[in-house]
Amino acid sequence: MKKIFIPILLILISVKATAQESNRVITTGVPFLLIAADARSGGMGDIGVATSADAFAQQWNPAKYAFAISKQGVGITYTPYLSNLVNDIFLGNLTYYNRINERSAVAASFRYFSLGNIELRDTFEQEPLIQSPNEFTFDLSYALRLSDRFSMAVAGRYLRSDLKIQASNEDASAAGSFAVDVAGFYQSEEIGYGDFDGRWRAGFNISNVGPKIKYDDVGQENFLPTNLGVGGGFDFILDQYNKVGVNVEINKLLVPTPPDPDLNGDGDVTDEEQAQAIDDYQNISFFSGIFESFGDAPDGFSEELKEFTWALGGEYWYQDVFAFRTGYFNESDEKGSRKFLSLGAGFRYTAINIDISYLFSTSKVRSPLEGTLRFGLTFNFGDEYDEY
């Protein structure tokens, strides 16, 4: 029997711990797409759909690029994962955007999730076979202002998930799929409110819409983490030195709820009922699943509401040089129990932005990002647009 040291199991353990609250926790393939890749959003409770534009809008809302201040920007992030247990699992992200003109912008990004090294061996003395499972995506987006204050964007995404362990099966291969995002963003003019000025923001993003992913011919198909994000925000522009932004965001996975296998309601689930429930779930197409996800919870509307997550976040800027951020994220105990408080900071020096964030779990289910510092670095260059 092979001896396997496999850090990826640590992730599976954390997923199992989350799922213990309910047998209807929604799970998907390539879940790393839902991890906040940048430190700015991470410092505000994983909020980004309606925050002001930055280099990392590709994940949250690519329509924001049409409102970017700098003509071009490059963003780099690094997020350790399960850092209290291992040191080689991480999420990295590289993004580039370019405002072609005053009304449109393009962007490209590469996101890479390394699940560490796995040692496979028959005995302790044997030279190990090293495997390095990983997942990545490559995105392209185009944003266009449909009016002076509203923009929309479409993004295309290729994703590849290589989690196969090629020890005894030399035919093992990576799984691939593609997805699209459709997003919109609104940003008002600066409005006077007596002692201060203000600006409203709102946005939405329907992300990761695409075919299910399958790792082999005999395995099950997995839905992509298709997600609906809706958010709003307001900037309190107190004076030329002080600005406070507050944001709220709601998200829902557009993925069908796992069915209740107790088909006849007698409380006794047979093997046939279990197999039938799995087969019915597998036969749902990704497109049909988007619409079914709004009304398929076995316990009705009350359970459907539990599949929404919400987050609140705030950001304070002083002289556009230093920022302090905080946020809170909440998910139902029966649908994953992700609850955490986050803190973050940002520093801006000429054309360079540095962001960091830290997360504190407030749930009995500990977050894999607990005790992790997330880092982000942005380089802005080119002319600036007078949006403010």
Side-chain angles (χ1 to χ4, degrees), residues 11 14-15 18 26 28 30-62 64 75 77-83 90-93 95 109 111 113 137 181 183 185 201-208 225-233 245-254 307-315 323-333 335-346 355-363 365-376:
I11 295 179
S14 68
V15 171
T18 298
I26 299 175
T28 69
V30 289
F32 84 99
L33 292 176
L34 299 178
I35 302 173
D38 68 289
R40 183 193 178 205
S41 295
M44 292 189 286
D46 289 4
I47 281 179
V49 171
T51 55
S52 58
D54 61 19
F56 305 109
Q58 188 86 316
Q59 176 180 2
W60 305 103
N61 186 342
K64 296 195 298 184
T77 67
Y78 175 78
T79 301
Y81 203 74
L82 289 169
S83 59
F90 68 90
L91 173 65
N93 183 50
T95 302
S109 66
R111 205 178 328 171
F113 188 45
T137 64
D181 300 354
F185 181 69
R201 288 173 279 101
F204 73 89
N205 187 20
I206 304 173
S207 59
N208 303 316
T226 306
N227 185 76
L228 169 64
V230 179
V246 293
N247 307 275
V248 61
E249 187 169 314
I250 298 173
N251 283 270
K252 186 187 188 304
L253 280 173
L254 303 183
E307 295 181 356
F308 286 82
T309 66
W310 58 266
L312 300 172
E315 180 180 50
F324 175 77
R325 306 178 180 111
T326 188
Y328 181 76
F329 180 96
N330 182 82
E331 182 178 54
S332 169
D333 290 338
K335 293 296 180 177
S337 195
R338 290 178 297 162
K339 303 174 190 291
F340 56 82
L341 173 72
S342 62
L343 297 175
D355 298 300
I356 58 173
S357 68
Y358 191 85
L359 180 149
F360 303 89
S361 288
T362 60
S363 167
V365 178
R366 189 173 185 180
S367 170
L369 292 169
E370 179 80 27
T372 295
L373 273 177
R374 279 180 272 192
F375 299 91

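Just so it is clear, the model here is predicted, and its values are computed rather than measured.
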Mind checking the OH-CZ spacing from Tyr328 to Phe340? Nearest 0.5 Å is all I need.
9.5 Å
Nearest heavy atoms of Arg201 and Thr51, plus distance in Å
NH1-CA, 3.4 Å
Side chain of Asn205, backbone of Trp60: donor and acceptor closer than 3.5 Å?
yes
For the residue pair Phe113 and Tyr81, is the inter-centroid distance of their aromatic rings smaller than 6.0 Å?
yes
At their closest point, which heavy atom of Gly45 faces which heavy atom of Ala311, and how far apart are they?
O-CB, 3.5 Å
Can any side-chain N or O of Thr362 pair as donor or acceptor with the backbone N or O of Lys339 at less than 3.5 Å?
yes
For Asn247 and Glu249, test the side chains for any donor-to-acceptor distance below 3.5 angstrom and give the result as yes or no.
no
Nearest non-hydrogen partners of Pro368 and Thr372, listed with the distance:
O-OG1, 4.3 Å
Please check: side-chain N/O of Gln59 versus main-chain N/O of Ile35, any donor-acceptor pairing under 3.5 Å?
yes
For the CG atom of Leu341 and the CG atom of Asn330, what is their distance to the nearest 0.5 Å?
12.0 Å
We want to know whether Arg40 and Thr77 form a side-chain donor-acceptor pair, criterion being a heavy-atom distance below 3.5 angstrom.
no
Does the side chain of Asn61 reach to within under 4.5 Å of the side chain of Phe204, using non-hydrogen atoms?
no
Salt bridge flag under 4.0 Å for residues Asp355 and Arg374:
no
Taking Glu370 for its side chain and Ser361 for its backbone only, find out whether a donor-acceptor pair lies under 3.5 Å.
yes
I need the minimum non-hydrogen distance between Val49 and Gly231, along with the two atoms involved.
CG1-N, 3.9 Å
Measuring from Ser363:OG to Asp333:CG, what's the distance to the nearest 0.5 Å?
6.0 Å
d(Ile47 CD1, Leu312 CG) to nearest 0.5 Å is 6.0 Å
Closest heavy-atom pair and its distance - Gly233, Ala50:
N-CB, 4.5 Å
Keeping Thr226 on the side-chain end and Leu254 on the backbone end, is there a donor-acceptor pair under 3.5 Å?
no
Closest non-hydrogen contact found for Ala37 with Asn93 is CB-CB, 4.1 Å
Taken in chain and number order and not counting sequence neighbours, the residues that satisfy side chain to side chain contact (heavy atoms under 4.5 Å, CB included) with Pro225 are Thr28, Val30, Leu33, Leu34, Asn208, Leu253
For Ser342, check side chain to side chain contact (heavy atoms under 4.5 Å, CB included) against everything at least two apart and list the hits.
none
Could you check whether any side-chain N or O of Lys64 sits under 3.5 Å from a backbone N or O of Gly48, counting only pairs where one atom can act as donor and the other as acceptor?
yes
Verdict with reasoning, Phe308 to Lys335, per side chain to side chain contact (heavy atoms under 4.5 Å, CB included)
CA-CA 9 Å; Phe308 286 82; Lys335 293 296 180 177; over 6 Å; no
Spacing of Leu91 atom CG and Tyr78 atom OH [to the nearest 0.5 Å]:
10.0 Å
Who passes side chain to side chain contact (heavy atoms under 4.5 Å, CB included) against Ile356, sequence neighbours left out?
Ala345, Phe375
Gap between atom CG of Leu343 and atom CZ of Arg325 - 0.5 Å precision
11.5 Å
